S.K.: 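To start, I am sharing the structure in question, which I have written as C-alpha cells.
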2 protein chains.
Amino acid sequence: MSRWEPDGRRRLQEAALELYAEQGFSRTTAAAVAERAGLTERTFFRYFADKKEVLFGNEERLQAVFVDAVSATPDTTPPRDAVAAGLEALAAELGPHRESVLRRTAVITSEADLRERELMKLASWSAALATVLRERGADAPDLVAEVAVAVFRVAFRRWVDGPADGDLAAHLRGALAELAVFDGT
Amino acid sequence: MSRWEPDGRRRLQEAALELYAEQGFSRTTAAAVAERAGLTERTFFRYFADKKEVLFGNEERLQAVFVDAVSATPDTTPPRDAVAAGLEALAAELGPHRESVLRRTAVITSEADLRERELMKLASWSAALATVLRERGADAPDLVAEVAVAVFRVAFRRWVDGPADGDLAAHLRGALAELAVFDGT
DNA sequence: ACGGAGATGTCAGTGGATGACATCGACGCT
DNA sequence: AGCGTCGATGTCATCCACTGACATCTCCGT
C-alpha cells in the first residue's frame, strides 16, 4: 500500500476533462482539478507542465503510432503510400474510441488556448515525420510531412463533425485522394 | 498636442521586439516592455490581449493579403492556380523585408509559446481561405486551404533558413510544384 | 532499525491578466 | 470663457498560473 491512492496522473487527467467540460477550461483552476483528484495544485504541476497539457497525455503515443507506421513501410514506398500507412494506423488507433475522442475534442475546440496547444502537437507530428522521411532519403520530406498532417487534420475534422457511424479511415483515404485537385498542368 | 506621445501601440511593438530579442521572451516582463515604451503594464494589456500577441500585429493584414489575392482570381481558376496567386501576394508582401522578418522569426522560433501562437495565426489563414473557397464553390475547400498553408509554411521556413539573397516567391513555387509527389497512383 | 528514494505536501513569491475607478487633456458646444 | 463629454492612460486591488525551496511520509533494501 502506498501512502496515496495510485495513479495520480490518470486521476488528474480524468478530473481535468470532467471539470473543463463542466465549467469550461478558463473558469477551472488548477487547484480545483487537483482537489477533485485528491491531490495538491503543486502536484498537478509536477505531472503536467501547464493547465493545458493535462489534456494531451496521449499525444506522444499517437505521434509514435503515426510515425512508426510510416517508418515500417519500405524505403522505396512512394510518399503517398507511406503517408497512407501512417494515417491508417491513426485511424485504427482513434476510430474505435469515437465517443471519448469527441468528448475531448469538444473541450479542446471550445477554447483558443487549447486549440493552440493542439496545433503544437500536430506540428510535432509533422516534424517527427519529416525527420524519418529525411533519413530514408525521401523527396521533399518537409513538404510531405506537412501535407500528411494537413490531410489528417481535415479528415479528422470531417469525422468529428460527421455522423456517429462515420469512418475515420474512409475520411482519411478520401482527403488523401482529394490531393488530386493539385494535379497536373 | 496630445497628453501623451503618439503611437503607443507601435512603441509597444518595437519595445517588445527589442526586449524579447535581447533577453528572451519569458525573461521579459510585460511591465518592462511597457516601461521601455513609456507606458504602463495596464496599457500594454489594453492594446494586446497577452504578452505574445504584441509580436503578431501584422498578421491580420497578411491574412487579408493572402485571402484577397485568392478571391481576386476568377471563380473558375483551378485551385492550384488560385492558391498560387495568394502565395505570390504573400511573397510580394514579405520578400522585400527579409531583414525584419528574420529578426521577428528568430524571436518567435526561440520560444514554444510563440511558435504556438504563430501556428494559431496560420490556422486562421487556413480557415479564412477555406471560407472564401467554399463560397465560390470550389472542391474540397478545407483540404485545399490546409495544403496551401502547409506549402507556405514549408517555403517560408526554407527561405528563412536559406541564403540571404533567397527568393521567397521561388521557394513558394518550388514547394507548390513538389505537391506532384502525391500525384497519380 | 536504518537510511535512502520517490512521491507528495507546505509555503512563499513572481508575473500575467483583468475589473473598477480616477485622471487628464482635447474638442465641440453654448 | 466656461462646460461637458470622450478617449487614452494611470492606479489600485485581485485572481490565478506557475516555480523554487524545503519538509514529510511511506516503502524497500540492507
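Quick caveat, the model's predicted, so the values are computed rather than measured.
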S.K.: One thing to verify: whether A/Arg173 and A/Glu88 come together as a salt bridge, which I'm taking to mean a side-chain N less than 4.0 angstrom from a carboxylate O.
M.R.: yes
S.K.: Quick test of your reading of the model: are A/Arg103 and A/Glu18 salt-bridged, counting only N-O distances below 4.0 Å?
M.R.: no
S.K.: Quick one: A/Glu53 CD to D/dC18 P, roughly how many Å, whole number?
M.R.: 10 Å
S.K.: Kindly indicate whether the side chain of A/Arg46 and the base of C/dG9 share any N or O donor-acceptor pair separated by less than 3.5 Å?
M.R.: yes
S.K.: Atom CG of A/Leu19 and atom P of D/dC16: how far apart are they, to the nearest Å?
M.R.: 14 Å
S.K.: Report the distance from atom CG of A/Leu19 to atom CZ of A/Arg36, rounding to the nearest 0.5 Å.
M.R.: 4.0 Å
S.K.: So which protein nitrogen or oxygen atoms get under 3.5 Å of nucleotides 12-16 of chain C's nitrogens or oxygens?
M.R.:
from	atom 1	to	atom 2	distance (Å)
C/dG16	OP1	B/Thr28	O	3.3
C/dG16	OP1	B/Lys51	NZ	3.1
C/dG16	OP2	B/Ala30	N	3.1

S.K.: Could you tell me whether A/Arg157 and B/Glu146 make a salt bridge, using a distance below 4.0 angstrom between a side-chain N and a carboxylate O?
M.R.: yes
S.K.: Under the ring-ring contact (aromatic ring centres under 6.0 Å, His included) test, which residues partner A/Phe66, sequence neighbours left out?
M.R.: A/Trp125
S.K.: Checking all strands, does A/Tyr47 fall into the base, sugar-phosphate, or nothing category for heavy-atom contacts under 4.0 angstrom?
M.R.: sugar-phosphate
S.K.: Heavy-atom contacts under 4.0 Å between residues 113-121 of chain B and DNA chain C, which residues?
M.R.: none
S.K.: What is the distance, rounded to the nearest whole Å, between atom CZ of A/Phe44 and atom C1' of D/dT19?
M.R.: 14 Å
S.K.: Write down the distance between NZ (B/Lys52) and P (D/dA17), rounded to a whole number of angstrom.
M.R.: 14 Å
S.K.: What is the nucleic acid contact for A/Thr43, judged by heavy atoms within less than 4.0 Å: base, sugar-phosphate only, or nothing?
M.R.: sugar-phosphate
S.K.: Check this for me, if you would: do A/Lys51 and A/Glu111 make a salt bridge, where the nitrogen-to-carboxylate-oxygen distance has to be below 4.0 angstrom?
M.R.: no
S.K.: Rounded to whole angstrom units, what separation is found between the CD atom of A/Glu35 and the P atom of D/dC16?
M.R.: 13 Å
S.K.: What I want to find out is whether A/Glu53 reaches A/Lys121 closely enough, with some N-O distance under 4.0 Å, to be called a salt bridge.
M.R.: yes
S.K.: Starting from C1' on C/dG6, measure out to CG on A/Leu39 and report it in whole angstrom.
M.R.: 14 Å
S.K.: Under a 4.0 Å N-O cut-off, is there an ion pair linking A/Arg104 with A/Glu59?
M.R.: yes
S.K.: Would you say the side chain of A/Leu62 lies within less than 4.5 Å of the side chain of A/Leu94, judging by non-hydrogen atoms?
M.R.: yes
